[in-house]
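One structure below.
This one's a predicted model, so the numbers in the text were calculated from it and none came from an experiment. Within every chain, numbering begins at 1; the chains are lettered A, B, ... in the order of the sequence lines, protein sequences first and strands thereafter.
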There are 2 protein chains.
Amino acid sequence: MSCIPRLTIMLRACGYRMTSQRHAILQALHDGGHLSPAQIYQRVESTGMTEATVYRTLEFLAENGILLVADRGNGHLAYELSGESHHHIICRTCGAQMEVDPALLAPAISQMESETGYHLNAGHLTFFGLCPLCKQKPQERA
Amino acid sequence: MSCIPRLTIMLRACGYRMTSQRHAILQALHDGGHLSPAQIYQRVESTGMTEATVYRTLEFLAENGILLVADRGNGHLAYELSGESHHHIICRTCGAQMEVDPALLAPAISQMESETGYHLNAGHLTFFGLCPLCKQKPQERA
DNA sequence: TTCCTTATTGATAAAATTATCAATAAGGAA
DNA sequence: TTCCTTATTGATAATTTTATCAATAAGGAA
Ligand SMILES: [Mn+2]
Ligand SMILES: [Mn+2]
Ligand SMILES: [Zn+2]
Ligand SMILES: [Zn+2]
């Protein structure tokens, strides 16, 4: 993917380094979308990388804004490349999910800002609910 | 606290039971507010309860709507008694936090519902940002 | 290219969280 | 109260995640 060189420069500007491990994890997320640490490890295991390195690298990349952390509702976290801003909606019944335009929340957020005095980072939220299908037939679908 | 009898009835109606362990954990959360599993275990350790029981009980109570799960931003979760609906704002710099009236998000959520077809559970969200103090003096405060 | 500094990794241990399963006890029925 | 069914717990092992620290390698300087 073409963003590796850009990220390399960005990291070096902060005194950090681009390593083969970071490269492999970024690549895995590039063609994997939202992935859990375990899923990512599967995809980079062949390089000999340690699980500890996967966790460390994900935390590092997230802290530096290169990755976004997402709540999957199962208590565990997922990671993804931080591209265009967005939020998520997940169906509590069937797990279906979709992305949401952050513009929909903008007015609510700016109102929260003016009422609380906080400066909010719109961020990357996850909303839970029922998808159109599960809204009808209450129980079906695992 | 006075809600134990009510919760007992609620649980029995679903075939579940009120145990001394559940009672102790609810009591801990009643006078503790938002607590992590470790913090809760500290407070009920004297009863001889196992850590595994703490985790199981928290998951059980949350699944049944008696507890809310909160994202604390540190990757770990916190639990609290589900009372009046609200959301949270946490300062990424100093950790200061405050609750937010869910009514502020209501219009945005109903618009998301009409645009996506999902039925959303307003829920219990956590927003991150900078508090009024940290917004000014950029670096200070651990 | 060679050398140096040190950020990063692997190896390992520790800690936190989850899964198994037999023993216990909640609470409904008699 | 006594008895029974079975939800729940404790004990234990397995898995996941985090912390330590010496060995490695990124990448700037010479
Ligand atoms: Mn996302
Ligand atoms: Mn809360
Ligand atoms: Zn669904
Ligand atoms: Zn602050």
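- Not a single side chain to side chain donor-acceptor pair (under 3.5 Å) links B:T116 to another residue, sequence neighbours left out.
- Scanning residues 8-19 of chain B for heavy-atom distances under 4.0 Å to DNA chain D yields B:G15, B:Y16, B:R17, B:T19.
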I would like to know whether B:L11 and B:R17 meet side chain to side chain contact (heavy atoms under 4.5 Å, CB included); could you show each step before the answer?
CA-CA 6 Å; B:L11 288 179; B:R17 299 169 183 178; over 6 Å; no
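- Rounded to whole Å, atom C1' of D:dT8 lies 12 Å from atom CG of B:L61.
- With sequence neighbours excluded, the residues forming a side chain to side chain contact (heavy atoms under 4.5 Å, CB included) with B:P102 are B:S85, B:H87, listed by chain and number.
- A distance-only check finds no donor-acceptor pair linking the side chain of A:S36 to the backbone of A:A78 [under 3.5 Å].
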Please list, for nucleotides 11-15 of chain C, all pairs of protein and nucleotide N/O atoms separated by less than 3.5 Å.
none

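- Between A:T53 and C:dT9 there is no side-chain N or O to OP1 or OP2 distance below 4.0 Å.
- One can place CG of B:L77 at 14 Å from C1' of C:dT18, the figure rounded to the nearest angstrom.
- C:dA26 atom P lies 17 Å from atom CG of B:L7, rounded to whole Å.
- A continuous path of Ile, Leu, Val, Met, Phe, Trp and Tyr side chains, each step under 4.5 Å between heavy atoms, connects A:L81 with A:L35, placing both in one hydrophobic cluster.
- Atom CZ in B:R72 sits roughly 18 Å away from atom C1' in C:dA16 (whole-Å rounding).
- We find that CZ of A:R22 is positioned 9 Å from P of D:dG27, with the value rounded to whole Å.
- A:Q21 comes within 4.0 angstrom of sugar-phosphate atoms only, judged by non-hydrogen atoms across all strands, and of no base.
- Taking atom CZ of B:F60 as the reference point, atom P of C:dT18 lies 16 Å away to the nearest angstrom.
- Shown here are the side chain to side chain donor-acceptor pair (under 3.5 Å) partners of A:Q42, two or more places apart in sequence or in another chain: there are none.
- One atom, CD of B:E51, and another, C1' of D:dT8, lie 18 Å apart when rounded to the nearest Å.
- Residues B:T8 and B:R12 form a side-chain contact, since some pair of their non-hydrogen atoms from C-beta on lies under 4.5 Å apart.
- Annotation: side chain to side chain contact (heavy atoms under 4.5 Å, CB included) contacts of B:E113 (sequence neighbours excluded): B:I109, B:S110, B:H119, B:L120.
- A straight line from NE2 of A:H23 to P of C:dA7 spans 23 Å, rounded to a whole angstrom.
- With sequence neighbours left out, the side chain to side chain donor-acceptor pair (under 3.5 Å) criterion links B:R92 to no other residue.
- Near-neighbour residues of DNA chain D inside residues 36-44 of chain A, defined by a heavy atom below 4.0 Å, are absent.
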Wobble G-U and Watson-Crick pairs count when both distances are under 3.5 Å; given that, what is the 5' to 3' dot-bracket string of DNA chain C, with | for pairing to other strands?
||||||||||||||||||||||||||||||
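- Atom-to-atom distance recorded for B:L67:CG and B:T57:OG1 is 9.5 Å, nearest 0.5 angstrom.
- Every pair passing ring-ring contact (aromatic ring centres under 6.0 Å, His included) that includes a residue from residues 58-79 of chain A is listed here, sequence neighbours excluded: A:Y16-A:F60.
- When the side chain to side chain contact (heavy atoms under 4.5 Å, CB included) test is applied to A:T19, the partners found at least two apart in sequence or on another chain are A:Q21, A:R22.
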B:H86/B:E80 under side chain to side chain donor-acceptor pair (under 3.5 Å): CA gap, chis, key distance, verdict:
CA-CA 12 Å; B:H86 66 277; B:E80 73 176 303; 3.2 Å; yes
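- The ring-ring contact (aromatic ring centres under 6.0 Å, His included) analysis of residues 33-52 of chain B, with sequence neighbours excluded, yields the pairs B:H34-B:H88.
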